[in-house]
There are 2 protein chains.
Amino acid sequence: MQLKPQGLSEESEVSPRDMAARAAWLSFVGGLTQDQIAQQLGISRQRAQRLVARASAEGLIRVRIEHPIAACLDLERALKARFGLEQARVSPALAAGSDPLLGLAPFVAPELERIFEAEGPKVFALGTGRTLKTVVEHLRTVEGAHHKLVSLIGNVAPDGSASFYEVIMRFAEKTRARHYPMSAPVSARDDVELALYRSLPHVKASRALAKSADLAIVGIGQLGDDAPLYVDGFLTAGELTDLRTAGGVGEICGHIFDRDGRYLDHPVNHRMVGVQVPEGRMPVYCVGAGASKVPALRAALQGRLLAGLFTDEETARELISK
Amino acid sequence: MQLKPQGLSEESEVSPRDMAARAAWLSFVGGLTQDQIAQQLGISRQRAQRLVARASAEGLIRVRIEHPIAACLDLERALKARFGLEQARVSPALAAGSDPLLGLAPFVAPELERIFEAEGPKVFALGTGRTLKTVVEHLRTVEGAHHKLVSLIGNVAPDGSASFYEVIMRFAEKTRARHYPMSAPVSARDDVELALYRSLPHVKASRALAKSADLAIVGIGQLGDDAPLYVDGFLTAGELTDLRTAGGVGEICGHIFDRDGRYLDHPVNHRMVGVQVPEGRMPVYCVGAGASKVPALRAALQGRLLAGLFTDEETARELISK
DNA sequence: TCATGATATGGGCAAATGCTCAAATCTAAT
DNA sequence: ATTAGATTTGAGCATTTGCCCATATCATGA
């Protein structure tokens, strides 16, 4: 019978994660075979293999390709020229059928780190959505206590459930930045309610801070039958049809715009508690890729809503092709 | 007979490196098998394998383990406490017999990038040597045009050959930082020559800039029979013996110190054209690992010459073990 | 035009890897 | 103490990968 040693020697406190990290280090950096790793760590070959697999699965390993692929650089240049962007980054294509985020997220994360690590205190305004959430999951922890993060959009769904894609909290966790979520519903039900929400001090403060942001980072949504706004219950089927009839093709932070990137003059837009970007002088950087998002992206670019774009090769090609 | 298309279509200009990078991206980020990669790129399986191998060989791939191994964190804490360091980083051990730089260099490079990316314009003073050279080779290109790099040590060997380990030039290449090598011999032959070199305007300027540096980054040398200073011809066999008799155990930027980290009062030290660190208030960060360097490192730490240390697990363990 | 050396290509095979399954071990609740 | 359930372990095997070698292609100079 063995008792677990309780802090007796600092040596013996080895978490399974540590082992996984160590095995991964030996494998990827050291280039050892699994047999050698097993030998080195005094474990079986299978265990070594499992540790390495686990490290990969848990995202302990970050791979970065140092060489900018010429084709992607070309696309970046083309995007900048065509749409007057100050920033454009294009990730190389992965397998045709796969989720665009598979490649985009690990590509964008270091770019964001870079932006975040730069210079003095900044205010970053954040959108939400699956795209941004996935990107933020790929961020490494980076010191940023001098920055502020503020949400561009409410965090309460119509059914009252909070935090549908809590981008800002996860981001703040990784950076220790001060964060200001917009603790209010995404959308009000009528003008009275809207006025009420917007008069709440913390909402007022968040909106003011967001408007003064140095950079907004947002995703983009499409208005097809599987529009995220509809799927997540922010729009009824009727509203969705109505918006499409009115010319809506895409949406940023829940604000719907037409094919020229002009925000619709529609009740749905008027009831949003959050901020309609760009507000003031803030540059808006958008992350998004995938065939379904092309019309929305094209519209947003056309209407000069965006100052920066992170996308993948296939999407970029589509965007400049017409 | 086919003529090579000359910029006809931007599409067909694909460098082999691009292909390698793309294959590597598909393999590491996308997790595709070589067969799938081959299919995707329309090439044979063998070619795909060769491309991935090539990408690895050419260093296009940077792997980073996200999880700080607890054992290494413990060692870092111990080093900081024991030797009053402001910074200490310990890389996980690789195979016992292998070159310590194999693991240390890819570990230190991102740390350096981090330091370099931080805040406003800074002056970085650099040493030389195989260790620093290898680390700098692992740096990714990072914008740093607002920084200045200055060499702590002359760049001309006794035989007149320039640049024995041109750390500063390679560093500057990657960062576009302004750089000030010390274009002078490492060591003068007598006091008159020393005075002469030191009176040269560009040497004077470099030395002054180096002394005002915000951070010095140096390697460390040992004084065994294979002392780098001796192997590279900066010391004669006689001088080496003499220095060891006088108590010399290690050297930073060619300045020799004893086991308590006190610089020797010896002609060899007095004839160095470069700067003897630390000068003024500059913190000195040292990169170094390996059994042979332990005595030198211990001495430098003992004498509080260093404010920061980057080393590997094995060396760290040695350093705090006694 | 042809010869010559250098480089690239694909076949084949041994080593390394990933995965499944059954046995073993551990955990926790009775 | 016992047992049911969950997790971990190692053997076996199919797949994938790395590498050598014979052949083909390309570039270069006579």
Side-chain angles (χ1 to χ4, degrees), chain A residues 1-8 12-63 65 67 69-70 94-98 102-103, chain B residues 1-8 12-63 65 67 70 94-98 102:
Chain A
M1 191 193 308
Q2 290 185 346
L3 290 179
K4 202 180 287 176
Q6 290 264 356
L8 272 177
S12 44
E13 288 292 321
V14 195
S15 91
R17 280 213 157 186
D18 284 357
M19 285 287 273
R22 193 176 285 272
W25 171 266
L26 290 168
S27 173
F28 287 85
V29 180
L32 305 199
T33 104
Q34 296 182 351
D35 268 319
Q36 293 171 298
I37 295 169
Q39 198 172 350
Q40 174 117 3
L41 300 181
I43 57 180
S44 72
R45 215 257 311 159
Q46 291 88 333
R47 201 153 135 62
Q49 125 76 4
R50 247 160 246 170
L51 286 172
V52 178
R54 179 174 176 168
S56 306
E58 293 191 15
L60 267 51
I61 291 148
R62 293 295 141 83
V63 182
I65 307 291
H67 180 76
I69 296 172
L94 283 185
S98 63
L102 210 72
Chain B
M1 188 195 310
Q2 291 184 344
L3 289 178
K4 202 183 286 175
Q6 289 265 354
L8 271 178
S12 45
E13 289 291 323
V14 194
S15 91
R17 278 214 158 187
D18 284 356
M19 285 287 273
R22 193 176 285 273
W25 172 266
L26 290 168
S27 173
F28 287 85
V29 181
L32 306 197
T33 85
Q34 296 182 351
D35 267 318
Q36 294 172 298
I37 295 169
Q39 198 173 352
Q40 174 118 1
L41 299 181
I43 56 180
S44 72
R45 215 255 315 158
Q46 291 87 334
R47 200 153 134 64
Q49 125 77 2
R50 261 178 264 259
L51 285 173
V52 178
R54 179 174 175 167
S56 306
E58 293 191 15
L60 267 51
I61 291 150
R62 293 295 142 81
V63 181
I65 307 291
H67 181 76
L94 283 185
S98 63
L102 211 71

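Letters A, B, ... mirror the listed sequences (proteins, then strands); counts begin at 1.
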Just how far, in rounded Å, is C1' of C:dC19 from CZ of A:Arg47?
18 Å

Using a cut-off of strictly less than 4.0 Å, decide whether A:Ser44 has a side-chain nitrogen or oxygen near OP1 or OP2 of D:dT9.
no

Whole-Å gap separating P (D:dT17) and CG (B:Leu26):
12 Å

Check the distance between D:dT7's P and A:Leu51's CG and give it to me in whole angstrom.
17 Å

Closest heavy-atom contact between A:Gln40 and A:Leu32?
OE1-CD1, 4.2 Å

B:Phe28 versus B:Ser56, closest heavy-atom pair with distance
CZ-OG, 4.4 Å

Atom CG of B:Leu41 and atom P of C:dG10 are separated, to the nearest Å, by 14 Å

Check A:Arg50, A:Gln49, A:Gln46 against A:Gln34 for a side chain to side chain contact (heavy atoms under 4.5 Å, CB included) and give me the one that passes.
A:Gln49

Spacing between B:Arg54 atom CZ and C:dT9 atom C1', to the nearest angstrom:
14 Å

Are the side chains of B:Arg47 and B:Leu41 in contact, using a 4.5 Å heavy-atom criterion?
no

What string of B, S and - do you get for nucleotides 11-17 of chain C, 5' to 3', if B is base contact, S is sugar-phosphate-only contact and - is no contact with any protein heavy atom under 4.0 Å?
BB----B

Might you point out which heavy atoms bring A:Ser27 and A:Ile37 nearest each other, and give the distance in Å?
CB-CD1, 3.6 Å

Which atoms form the tightest heavy-atom contact between A:Ala21 and B:His67, and what is the distance?
CB-CD2, 3.7 Å

